[in-house]
Chemist: 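Dumping the structure here so I can ask a few things about it.
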Amino acid sequence: MRSSDGDTSKHSGGVLETGRGRRGVTLPDEGEVPEGPHREMLAGLHNIYAAAGRPSYRDMARGIKSDDRAPATLNYQAIGKILKGRNLPSPRQLVSLVIWLFGEASASGQDVGNLDEVLAQLQELREEAHRRSLGIQVDSKGPAENGQSDTADIPSVVTQGVASERRMLSCMLQSKDAIADVVELVVPIESVFTDKLHAEIYTALLQLYADGADVTTEAVAQIAEAHISTSTGVRDYVEGLLREVSDPREAEAHAERVVELAKLRRIASMGEKFTDLAHSASVSAEDSDMDSLVTTVENEVISFINEMAKISTVGSVLGDALDEVDAAGSADGDAAAVPSGFSGLDALSSGFRPGELTVVAGASGIGKSTLGLDFIRSCSISQGLTSYLVTLQMGRNEMAMRMMAAEARVPLDRMRSRTMTDEDWTRLARAMPQVNSAPVWMQDEATYTLSQLVQSSRRLSFFNELQLVVIDSLDLLYLDRRSISVDLERDLAVVGRELRNMAKELNIPVVALLQIDQPSMIYDGYARPALRDIPGSLERFADMVVLLYREDAYEKESLRAGEADLIVAKNRSGRTGTVTVAFQAHYARFVDM
């Protein structure tokens, strides 16, 4: 619609045939509204205004107010400022003006073209004028204009980036599900967006989503305005984004496009940097910069390739590794690991380490769910870290009751039978505030799937700094709602691989409980569980395997009544061994001996 220098171009048909208006309509002086998209839009409006018979501003205001098709009302003063070029109309104001003027022009027999086409042209001009007023400069020059090739019609990566970002933000404004889909792809923010305003709108959307607040254009604009140099027109710009996309389910596709274009801009930036270095380098015999230049180029390219391939050199991670070693040797232990709540187990494993999958296995009725809940209590109540409990064995109310019993030291059977004493109620009241404020997220949907688990963990990791995931239990987790397992070992292998991948991707520990067969009798006692009891297809994906065994579960007169063994049968990050803990069944908890 325009040449690259902003001059008004000519159109065949419609209301944009000339940049100076028609039928004697006088536009504002060029000093007031210089050549560019604002003046072109104004010319189009004046042409429709003339075709409608140049009604008074008051008649226009009354007519728009009574026109059900107009999405907004305008007073006569606002109309005057718009037609005189003093104010840029909002998207709703522009639509209202054009619809009403078109109706008046048609009623008087004037042909001003197709309403949808003209409105689309004016909206495009209005959006570009608004972007320029906010300082978003889109370079629409193609390579041909720089004398490089004849591909002038191909949009630049910056132009495409702006368009894709607008579509992605539009989806996010319309749907919270779209925000969740996008956030998994678009990180980090600084290197992705073409403009600071888009980055601030994106940040505002994430903030509202994380706070659980309603996502509205007003709320987004208010947050974004506080972080940019000019707040003029931000609300109109955010409102205009809503028209970019009609189906917010396209969010993921637009987000992928945004990331791809960000990579292309990075490549283009590297090319410009190399060009500047080459032009400024010295090639004299006495003082040549060639070796230094080649080294700089190689390092830049290799760094980019490694970043895209997500690989690292030893040197790039050595600092983090030394920090981890230093933390492990400190009084606080491994600062990155999540304490299990059992000193003996932490001595062997240094706690649950980020990026690792731990499988805790035991026979039915041995106390796996109780042990998993102990891990959650240690993480979220004792340490104040965010945890996610996927409880497929019991409902969330049952797990919450067990948590209160364990923390308050109130017998679980009394809580269930309503025979609590005054002392029990006092203990419960003391423990309630700490339990209530613990950052524990719970899911007890019976048909919960692996993909839902991964998605939920990603969202909690991004918005709530998730530190631990506990799944009770692995064999009840669905691969897909529509599939019926015919090969449990194969399914466990798929689940194990995906959970380990999730642990590494989110850099959090994942603890998965697993039910194994009851131990068999060997001579005069029951066999202790061993690593061979874990399906091999699952065991190979586990970084640590802990087997839970209680002798008194099988021999009621056992001399080890109330004791339980945590058998660390596999440990990629440390020693193996057996840790003995106490089982307090009445309080629904395990504790150190």
Side-chain angles (χ1 to χ4, degrees), residues 338 340-342 344-346 348-349 351-353 356-376 378 389-394 399 450 453 468-479 485 487-500 502-503 509-522 525-554 563-581 583 585 588-590:
V338 176
S340 67
F342 302 98
L345 183 59
D346 289 342
L348 288 177
S349 63
F352 298 123
R353 299 165 61 86
E356 293 188 354
L357 171 63
T358 298
V359 173
V360 178
S364 176
I366 210 73
K368 296 185 302 301
S369 297
T370 299
L371 184 61
L373 198 56
D374 287 333
F375 297 151
I376 291 288
S378 173
L389 173 61
V390 179
T391 169
L392 307 177
Q393 289 277 9
M394 302 179 187
M399 299 303 275
L450 178 61
L453 169 61
L468 175 68
V469 175
V470 175
I471 306 157
D472 180 23
S473 69
L474 204 60
D475 45 301
L476 297 180
L477 186 64
Y478 278 65
L479 278 180
S485 176
D487 188 339
L488 179 59
E489 185 164 343
R490 184 202 63 188
D491 289 355
L492 287 176
V494 174
V495 171
R497 182 184 66 242
E498 292 304 314
L499 290 181
R500 189 160 187 251
M502 183 185 80
V510 175
V511 178
L513 310 184
L514 176 69
Q515 181 171 311
I516 57 177
D517 294 335
Q518 293 282 358
S520 56
M521 283 285 295
I522 295 182
Y526 284 86
R528 294 163 64 86
L531 194 60
R532 62 176 177 272
D533 296 318
I534 306 296
S537 56
L538 174 63
E539 180 269 325
R540 68 171 179 265
F541 291 113
D543 295 284
M544 183 165 67
V545 175
V546 179
L547 304 171
L548 177 61
Y549 177 71
R550 284 177 34 228
E551 186 176 290
D552 64 355
Y554 310 106
E563 294 184 8
D565 291 333
L566 304 181
I567 305 167
V568 181
K570 176 182 178 180
N571 186 6
R572 285 198 175 114
S573 301
R575 297 176 291 121
T576 58
T578 300
V579 177
T580 300
V581 297
F583 179 49
R589 68 180 188 176
F590 290 87

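The first residue of the sequence shown is numbered 1, and numbering continues consecutively from there.
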Chemist: Taking side-chain contact (heavy atoms from CB on, under 4.5 Å) as the definition, give me every residue that meets it alongside Ser378, ordered by chain and number, with sequence neighbours left out.
Modeler: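 Once residues adjacent in sequence are excluded, the partners of Ser378 under the side-chain contact (heavy atoms from CB on, under 4.5 Å) criterion are Pro339.
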Chemist: Tell me, do Leu345 and Val581 make a side-chain contact under 4.5 Å, heavy atoms counted?
Modeler: no
Chemist: With a 4.5 Å heavy-atom cut-off, do Asp533 and Asp517 have their side chains touching?
Modeler: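 Counting from C-beta outward, Asp533 and Asp517 never come under 4.5 Å.
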Chemist: Please name the pair of heavy atoms, one in Gln393 and one in Ser473, separated by the smallest distance, quoted to 0.1 Å.
Modeler: NE2-OG, 3.3 Å
Chemist: Please name all residues satisfying side-chain contact (heavy atoms from CB on, under 4.5 Å) with Glu563, sequence neighbours left out, ordered by chain then number.
Modeler: Arg560, Thr580, Met593
Chemist: Strictly distance-based, threshold 3.5 Å: is any side-chain N or O of Asp346 a donor or acceptor partner for the main-chain N or O of Ser340?
Modeler: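 Yes; judged by distance alone, with no hydrogens or angles, the pair exists.
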Chemist: Just to verify, what does Phe541 make a ring pair (Phe, Tyr, Trp, His ring centres under 6.0 Å) with, not counting sequence neighbours?
Modeler: none
Chemist: Which pair of non-hydrogen atoms, one from Leu348 and one from Arg575, has the smallest distance, and what is that distance?
Modeler: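 Looking at all heavy atoms of both residues, the shortest contact is CD2-NH1, 3.4 Å.
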Chemist: Please examine the side chains of Leu371 and Lys368, heavy atoms only from C-beta on, and report whether any two atoms are closer than 4.5 Å.
Modeler: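 Answer no - side chains too far apart.
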Chemist: With heavy-atom distances below 4.5 Å as the criterion, would you say the side chains of Arg528 and Thr578 are in contact?
Modeler: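 Yes, their side chains come closer than 4.5 Å.
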Chemist: Would you please name every residue forming a ring pair (Phe, Tyr, Trp, His ring centres under 6.0 Å) with Phe342, sequence neighbours left out?
Modeler: none
Chemist: Which pairs, with at least one residue in residues 541-550 and sequence neighbours excluded, count as a salt bridge (charged side-chain N to carboxylate O under 4.0 Å, His left out)?
Modeler: Arg500-Asp543, Asp543-Arg572, Arg550-Asp552
Chemist: Find out whether Leu499 and Val469 are in side-chain contact, i.e. whether some heavy atom of one side chain is under 4.5 Å from a heavy atom of the other.
Modeler: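 The answer is no, as the side chains (C-beta and beyond) never meet within the 4.5 Å cut-off.
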Chemist: Using the side-chain contact (heavy atoms from CB on, under 4.5 Å) definition, which of the options Leu389, Val360, Thr358, Val338 pairs with Phe375?
Modeler: Val360
Chemist: Determine, step by step, whether Ser349 and Asn571 satisfy the side chain to side chain donor-acceptor pair (under 3.5 Å) criterion, reporting the C-alpha distance in whole Å, the side-chain angles of both residues, the deciding distance to 0.1 Å, and the verdict.
Modeler: CA-CA 7 Å; Ser349 63; Asn571 186 6; 5.6 Å; no
Chemist: Using side-chain contact (heavy atoms from CB on, under 4.5 Å) as the criterion, list what pairs up with Ala361, not counting sequence neighbours.
Modeler: Leu514, Ile516, Ile534, Leu547
Chemist: Indicate the atoms forming the closest heavy-atom contact of Ala564 with Leu548, along with that distance.
Modeler: CB-CD1, 4.3 Å
